[in-house]
Amino acid sequence: MDQKELWQAVLAQIQLQISPPNFATWFKSTQIVSQENGFIFVSVPNSFTKEWLEQKYNKAIFKILYNLNRGIKGVKYEVEKSGLQPLKKFPIYSPVPSKQLDFQDLKVEGDTGLNSRYTFDNFLVGDFNELAHAAGCAVTQDPGKVYNPLFIYGGVGLGKTHLLQAIGNEVIKASNKKVRYVPTEKFVSRVISAIRNHKIEEFKAAYQKIDVLIIDDIQFLTGKEKTQEEFFYIFNSLYEKNKQIILSSDRPPNAIPALTERLQSRFGGGMITDISLPSLEARIAILKNKCDEKKASLPDDVLEYVSSNIKKNIRELEGALNTLIAYQKINDSEIDIKTTKNLLRNIISSSNKIINAKKIIHSVADFYDLKEKDLISSSRKREIVLPRQIAMYLLRQELKASYPFIGRKLGGKDHTTAIYACEKISKEIEKNENLTEEIELIKQRVLCG
Ligand code: ADP
Ligand code: MG
């Protein structure tokens with residue numbers, strides 16, 4: 001295995017541990033330049049990155065390298081000598097030189113925002129995503145006509161971005177329609193800067209030329225009123241012209257907090273479909289497909305181990321696979337189950353994370369866009385009381401916690417309050433489908449987040 005492959009193996013694992021913007025900021029333009037006496041020398045674009053990697057990520061980087069090769073003693077970071085290679089800073093979603101394979105995920109073409117790596121061909125279809133896939137295909141064949149808007153929701157790492165991008169790529173292949181993919185965070189920051197520069201009218205005018213507008217992770221519009229207003233305008237004007245709008249979110253429209261009612265009803269006006277968790281068979285199939293794609297093969301028991309332990313996130317499945325393939329290449333031999341377990345210790349234990357009270361409270365607060373301290377306050381406001389009761393319910397369900405414990409964890413409430421909350425939510429779930437679904441989504445977050 002060469003240095004490049006070794007570094008890719010590190011990146012594959014790091015990528016699972018930190019957010020995409022952080023990953024792009026700190027790991028872009030990094031590479032292994034040499035290995036000497038057990039030390040790995042990594043070149044970085046500037047001294048700021050050097051400091052950051054040394055202080056924040058060195059431990060994680062070293063651990064991964066050490067797991068791959070016990071001979072490694074340490075990692076040193078060196079600022080790339082200027083003059084040899086120009087120091088370039090690439091904004092997260094803009095084009096990156098193609099030879100930097102490590103950043104495939106961030107590479108997009110032209111101003112469409114699309115990345116050609118996401119296609120229908122490499123998107124595996126199973127029970128868990130069948131409907132979303134079918135709706136996506138229908139939209140591709142007749143944009144703006146069948147399902148408008150198309151709203152796809154589901155947990156982290158389950159293929160929303162892949163599907164959205166595949167739709168965009170397919171439309172471009174089949175027609176000369178103008179497609180634009182924009183992550184919501186990016187949309188928000190563009191609106192803000194357009195307002196600041198008095199260019200909001202030009203901004204909106206530019207969107208009028210688009211035939212297929214794809215906005216990813218729309219839950220990030222939460223609480224951004226001004227942006228919601230501008231988006232509402234763009235949405236309506238495209239919609240009226242029968243232009244296709246495709247949206248994704250980690251939850252259904254009616255569960256996005258602080259989303260104006262008019263947007264909520266717009267989002268629900270077309271087709272809403274979800275991507276759920278892949279079955280064991282689907283997970284094995286995904287792994288096998290990806291092995292073929294990468295022209296690698298892993299023993300059956302290894303594939304089985306991976307797919308039965310990583311259940312909730314396809315990105316994690318991929319990350320695990322990359323790690324194992326890298327190991328096989330380094331050692332030039334077939335990996336066994338014992339080594340697999342060792343290499344994947346981190347990913348798998350974080351995947352089957354131990355649930356604790358803190359995590360539940362945090363996930364509930366996060367889901368409803370509240371602060372944890374509101375949740376444990378004594379406020380009687382409805383928008384706080386219900387989430388608090390849900391947190392109590394989840395503590396009981398997931399941890400089998402005692403009522404006095406639950407009361408204490410939520411800011412010293414009496415155990416009778418906890419009993420009341422658990423009973424109320426249990427009853428409510430039976431007749432309120434939305435609530436059931438919200439609680440499911442929160443549970444997924446507790447496990448994944
Ligand atoms: P999300 O946007 O829902 O968080 P992504 O679309 O980013 O998830 O998917 C995470 C990773 O898993 C990507 O690398 C993607 O290519 C892969 N992936 C997701 N779903 C599938 C699928 N059905 N078939 C093949 N790969 C998939
Ligand atoms: Mg995504």
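The basis for the numbers below is simple: all heavy atoms, side chains too, and nothing from hydrogens, waters or symmetry mates. We count residues from 1, following the sequence as given. A quick note: this is a predicted structure, and the numbers were derived from the prediction, not measured. Counting starts at 1 for both ligands and their atoms, in listed order.
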Visitor: Quick one: which of Glu318, His162, Arg117 has a heavy atom closest to atom 16 (O) of ligand 1?
Guide: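 Among Glu318, His162, Arg117, the closest heavy atom to atom 16 (O) of ligand 1 belongs to His162.
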
Visitor: Would you check if the distance from the ring center of Trp52 to the ring center of Tyr77 is below 6.0 Å?
Guide: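 Between Tyr77 and Trp52, which both carry aromatic rings, the centre distance is not below 6.0 Å.
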
Visitor: In terms of atom number and element, which parts of ligand 1 are under 4.0 angstrom from non-hydrogen atoms of Ile314?
Guide: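 Numbered from 1, ligand 1 contributes 12 (O), 17 (C), 18 (N), 19 (C), 20 (N), 21 (C), 27 (C).
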
Visitor: With nothing but distance in play, are any N or O atoms of Val125 less than 3.5 Å from an N or O of ligand 1?
Guide: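 No, there is no polar N/O contact under 3.5 Å.
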
Visitor: I need the atoms of ligand 1 closer than 4.0 Å to a non-hydrogen atom of Asn129, numbered in the order shown.
Guide: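 It comes down to these atoms of ligand 1: 23 (N).
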
Visitor: As an exercise, state the distance from CG of Asn69 to CG of Leu65, rounded to the nearest 0.5 Å.
Guide: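 CG of Leu65 is found 8.0 Å from CG of Asn69.
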
Visitor: So, Glu202 and Lys199, do they make that salt bridge, N to O below 4.0 Å?
Guide: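 Between Lys199 and Glu202 there is no salt bridge, as every charged N stays at least 4.0 Å from the carboxylate O atoms.
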
Visitor: So, Tyr207 versus Phe187, ring centres under 6.0 angstrom or not?
Guide: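 Ring-ring flag for Tyr207/Phe187: true, centres closer than 6.0 Å.
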
Visitor: Between the side chains of Glu438 and Arg251, is the shortest nitrogen-to-carboxylate-oxygen separation below 4.0 Å, so that they form an ion pair?
Guide: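 Salt bridge: no.
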
Visitor: Would Leu124 count as being in polar contact with ligand 1, using the rule that some N or O on each side must be under 3.5 angstrom apart?
Guide: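 Between Leu124 and ligand 1, an N or O pair is found under 3.5 Å apart.
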
Visitor: Taking all non-hydrogen atoms of both residues, which atom of Gln244 and which atom of Leu150 are closest, and how far apart?
Guide: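 Distance-wise, the nearest heavy atoms are NE2-N, 3.9 Å.
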
Visitor: Could an N or O of ligand 1 be found under 3.5 Å from any N or O of Val156, whether backbone or side chain?
Guide: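 Val156 vs ligand 1: no N/O contact under 3.5 Å.
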
Visitor: Considering Arg315, Lys290, His133 one by one, which has a heavy atom nearer to atom 5 (P) of ligand 1 than any of the others?
Guide: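 It is Arg315 that holds the nearest heavy atom.
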
Visitor: Under 4.0 Å from a heavy atom of Gly159: which atoms of ligand 1 are those, numbered in the order shown and with their elements?
Guide: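 Near Gly159, meaning under 4.0 Å from one of its heavy atoms, ligand 1 has 1 (P), 3 (O), 5 (P), 6 (O), 8 (O), 9 (O), 19 (C), 20 (N).
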
Visitor: When you measure from the heavy atoms of Gly157 to every atom of ligand 1, does any distance fall below 4.0 Å?
Guide: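 For ligand 1, residue contact (heavy atoms, under 4.0 Å) with Gly157 is present.
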
Visitor: At a 4.0 Å threshold, what atoms of ligand 1 neighbour a non-hydrogen atom of Tyr118?
Guide: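 Under 4.0 Å from Tyr118, ligand 1 has these atoms: 16 (O).
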
Visitor: Would you call the rings of Phe267 and Phe231 parallel, tilted or perpendicular, where under 30° means parallel and over 60° means perpendicular?
Guide: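 Judged by the thresholds at 30° and 60°, the geometry between Phe267 and Phe231 is perpendicular.
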
Visitor: Give a yes or no on whether Thr161 keeps an N, O or S atom under 2.8 Å from the Mg ion (ligand 2).
Guide: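 Given the 2.8 Å cut-off, Thr161 counts as a ligand of the Mg ion (ligand 2).
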
Visitor: Would you say Gly155 touches ligand 1, if touching means a heavy atom closer than 4.0 Å?
Guide: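 Heavy atoms of Gly155 do come under 4.0 Å of ligand 1.
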
Visitor: Let me confirm one number: the CG-CG distance from Leu298 to Asp336, rounded to the nearest 0.5 Å.
Guide: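 Rounded to the nearest 0.5 Å, the CG-CG separation comes out at 12.0 Å.
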
